[in-house]
There are 2 protein chains.
Amino acid sequence: MKRTILIYGIALAALVFILKYLEYRFFVRDVSLEFYIGLLAVFFTGLGIWTGLRLTRTQVITIGPEFALNEIELGRLGISKREHEVLELIAKGLSNREIADKLFVSLNTVKTHSSNLFLKLEVSRRTQAVQKAKELRLIP
Amino acid sequence: MKRTILIYGIALAALVFILKYLEYRFFVRDVSLEFYIGLLAVFFTGLGIWTGLRLTRTQVITIGPEFALNEIELGRLGISKREHEVLELIAKGLSNREIADKLFVSLNTVKTHSSNLFLKLEVSRRTQAVQKAKELRLIP
DNA sequence: CGAATAATCATCCTTTCGGGTGACGGAATT
DNA sequence: AATTCCGTCACCCGAAAGGATGATTATTCG
């Protein structure tokens, strides 16, 4: 999001510079205001649509094994980084004990994370969680 | 989101200041041009985002690779029909109890099948069994 | 600063799994 | 007929997983 805004600002600034440059370079001092307005309207409408597409839940049509993490869904379900890590390890077939050791946390912590995961994914077993997470493209 | 809008506004304000600075720097004749540019940018960006949101309705078309059951591996591991059925239901995230009900057999039977499965697949947990079975293309 | 969130850990209790063993009838094979 | 395999079921026990709740700390946000 911050990157988007940054790109946006830079694009805006660059556009102004280009316009100014052209204006002075070619002494086109009498470029009509309507022309500017039209140009800007088109440009920023396009940019706006692009941003809109960024913001919306854009489902990527995947053909084959390429995995694109569905961050929108992740955010929608409110799954945190740590929970996502646990989810990945669950999908790998690790037990809670093994996950705890791998993440250097206690067994209880892993159980808490997984419980929260089940709530957010609306499932009650880890196998279901894995299945649903794959459907939602939260994990490869 | 509110924060985003706030940052956005601040960025825009900063941009206007920059533009004002440039205005004096390059002795721009039209004083209010940049202001109009900024205004137009905001307006048409909003319009673009609105249009983008309007236009994009999510449609998920997943074209996955068709599943070909690996019967050779099935035979090699000596997995019976019934065991394979249980394996599929395990992969669907069902509990042993649910599998038993679905197959009209007792819980103990399902447990026997799953235990035999784990031996044949050389795993110790159902999540691992699902993982391995997918790798070996025993299930979709 | 106060509120909210994320991450951590704990305790208690119930359910589910997994492992081991044994048994029995039916079908196919030898 | 004897053997082997499959499917079925049972009992036992310990380990793992799941559910509920509360507490602490750190960071972030308003």
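Because the structure is predicted, anything quoted here is derived from the model rather than measured. So that the names make sense, note that chain A is the first sequence line, chain B the second, and so on, each numbered from 1. When reading the values below, keep in mind they use all heavy atoms of this one structure, side chains included, and skip hydrogens, waters and symmetry mates.
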Rounded distance [0.5 Å steps], CD in B:Glu73 versus NZ in B:Lys132
9.0 Å

So A:Ile139 and A:Ile90, do their side chains get closer than 4.5 Å, heavy atoms only?
no

Considering residues at least two apart in sequence or located in another chain, which fulfil the salt bridge (Lys or Arg N to Asp or Glu O under 4.0 Å) criterion with A:Glu85?
A:Arg82

Under 3.5 Å, side chain of A:His84 to main-chain N/O of A:Leu138, donor-acceptor pair present?
yes

State, to the nearest 10°, the angle formed by the axis through the first five base pairs of the helix from C:dC1-D:dG30 to C:dT30-D:dA1 and the axis through its last five.
50°

Sub-4.5 Å side-chain heavy-atom contact between B:Leu117 and B:Val86:
yes

Taking side-chain hydrogen bond (donor to acceptor under 3.5 Å, both in side chains) as the test, write out the residues that go with B:Thr112, two or more places apart.
none

Provide the full list of salt bridge (Lys or Arg N to Asp or Glu O under 4.0 Å) pairs with a residue in residues 108-117 of chain B, sequence neighbours left out, each pair given once.
none

Each nucleotide of nucleotides 8-30 of chain C classed B (base within 4.0 Å of a protein heavy atom), S (only sugar-phosphate) or -, in 5' to 3' order, makes BBBB-----SBB-----------

Expressed in angstrom and rounded to an integer, what is the separation of B:Lys81 atom NZ from D:dC5 atom C1'?
11 Å

Side chain to side chain donor-acceptor pair (under 3.5 Å) pairs, two or more places apart, involving residues 119-131 of chain B:
A:Glu98-B:Arg125, B:Glu83-B:Lys120, B:Asn96-B:Arg126, B:Ser124-B:Gln128

Would you indicate, yes or no, if D:dC5 has its OP1 or OP2 atom less than 4.0 angstrom from a side-chain nitrogen or oxygen of B:Ser80?
no

